[in-house]
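Below is one structure, written out as structure tokens; the observations come after it.
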Amino acid sequence: FGQYMGNSSYHALQAQLNVRAWQGLNVMANYSFSRAIDDAGYFRTGYPIPAGTIANAPSATYRADRLERGVSTSNQPQHFVLTSVWDWPFGKTLLAENHAERAIMGGFSFSGVFQDYSGSPLVITASSCQNNPAQASNYCPAALNPSFSGSARQNGKWGSGITATNYNTVSYINPGAFAVAPDYTFGNAPRTAAYNLYGPGNYQLDLAAVRSFPLHITESTRLNFRAEWYNVTNHTLFAVASQAVGNSSFGQVTQSGTLNRKAAQFSARIEF
């Protein structure tokens, strides 16, 4: 019987600003600057690592799982969120002196969510496991190339210069920064964020508008028409196609599976 165990820590600077009920407008802004660290995820070994078994570090030894200590895969250094709801005052408290003004101007409310966040650390692995060549595996740590210097990032921002014809040829991580560790040794690359490699960040803006009409069935009965727009700017969210050194798509970009494409939807609802 056994179980996986890990240690983690989280530190953050968090700031919040609220503007409440000013001319029907409510605004809330949140910002966090944080760092999450753990030694969980995948494990090179569940036991202490003796000298002579770490690539490029023949004299290094590690207590069990301490080699894995690094920034968490969920670490998101910066995250900003701005939300707002505006209960349109026109036709209610402004320009509401007669029935025509109230009918034309009244009943609107608007809301929006904007968020901007940095990417998460990349987990660079080897395309085949070298610590036991007899065992096929696609999930083991890569080794750092001792003769490499400079930045492992290349070709500009994630997705820069991508077209319909070259998307599967442009790599944004220099494969020369890594090497295959000798057989029966562990790669010495950090479990996460080797060379401070982080994935693509993103921003997104979503908006909604509601027009409400009283139905006069009961005092609270209303008909609401709602329009919603997602990813208003139609901003593309990229993902890294492969983080495995030696894979043909290593360091290339692909479309994120969590991407919300620009879309609009309309609905009507009766509230009692």
Side-chain angles (χ1 to χ4, degrees), residues 35-45 48-63 65-78 118-133 135-163 166-201 238-254 256:
R35 187 174 182 85
I37 299 173
D38 66 36
D39 57 10
Y42 72 77
F43 299 87
R44 268 162 260 226
T45 173
I49 301 177
T53 58
I54 298 292
N56 303 321
S59 61
T61 62
Y62 290 88
R63 289 182 290 125
D65 304 329
R66 297 308 288 171
L67 181 58
E68 313 307 342
R69 181 173 172 80
V71 290
S72 305
T73 55
S74 59
N75 182 57
Q76 202 170 68
Q78 299 190 71
S118 53
S120 297
L122 296 180
V123 179
I124 304 299
T125 63
S127 58
S128 61
C129 210
Q130 73 286 340
N131 44 6
N132 187 350
Q135 298 293 321
S137 174
N138 290 318
Y139 206 68
C140 57
L144 302 178
N145 184 350
S147 62
F148 180 81
S149 62
S151 174
R153 285 281 283 109
Q154 61 183 10
N155 294 322
K157 295 182 179 179
W158 292 107
S160 176
I162 287 296
T163 66
N166 71 357
Y167 69 94
N168 60 349
T169 62
V170 181
S171 177
Y172 294 90
I173 304 176
N174 189 339
F178 301 92
V180 176
D183 291 346
Y184 302 106
T185 63
F186 297 101
N188 69 329
R191 179 177 62 87
T192 59
Y195 297 103
N196 199 34
L197 290 172
Y198 275 69
F238 290 106
V240 183
S242 173
Q243 300 170 50
V245 179
N247 189 292
S248 60
S249 58
F250 175 71
Q252 296 175 13
V253 295
T254 185
S256 172

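The closest donor-acceptor contact from the side chain of Tyr198 to the backbone of Ser118 lies at 3.5 Å or more, if one exists at all. With hydrogens and angles ignored, the 3.5 Å screen pairs a side-chain donor or acceptor of Ser151 with a backbone N or O of Arg153. A side-chain donor-acceptor contact under 3.5 Å links Thr163 to the backbone of Asn166. Between the side chain of Thr192 and the backbone N or O of Val71, at least one donor-acceptor pair lies under 3.5 Å. The closest donor-acceptor contact from the side chain of Asn155 to the backbone of Ser171 lies under 3.5 Å.
Side-chain contact between Arg191 and Asp38 is present, with heavy atoms from C-beta onward closer than 4.5 Å. Residues Val245 and Ile124 have side chains in contact (heavy-atom distance under 4.5 Å, counting atoms from C-beta outward). Contact check for Tyr172 versus Val240: no side-chain heavy atoms found under the 4.5 Å cut-off.
Pairing each heavy atom of Tyr167 with each of Gln252, the nearest pair is O-OE1, 3.9 Å. What you find for Glu68 and Arg44 is that their closest heavy atoms are OE2-N, 2.9 Å. Here the shortest heavy-atom pairing between Gln154 and Pro175 reads NE2-CD, 4.3 Å. Scanning all heavy atoms of the two residues, the minimum distance from Ser242 to Ser249 falls at CB-OG, 3.3 Å. The nearest pair of heavy atoms linking Trp158 to Gly251 is CZ3-O, 3.9 Å. Gly187 approaches Ala55 most closely through the heavy-atom pair CA-CB, 4.4 Å.
Evaluated for a salt bridge (charged side-chain N to carboxylate O under 4.0 Å, His left out) with Asp39, the options Arg69, Arg66, Arg63 yield exactly one hit, Arg66.
Using a 30° and 60° split on the angle between ring planes, Phe178 and Phe250 fall in the perpendicular class, above 60°.
Considering CZ of Phe186 and CG of Leu67, their distance stands at 9.0 Å, rounded to 0.5 Å.
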If you look only at distance, which donor and acceptor atoms sit under 3.5 Å apart when one is on a side chain in residues 141-150 and the other is two or more places apart or in another chain?
from: Asn145; atom 1: OD1; to: Ser147; atom 2: N; distance (Å): 3.1
from: Asn145; atom 1: OD1; to: Ser147; atom 2: OG; distance (Å): 2.9
from: Asn145; atom 1: ND2; to: Gly176; atom 2: O; distance (Å): 2.8

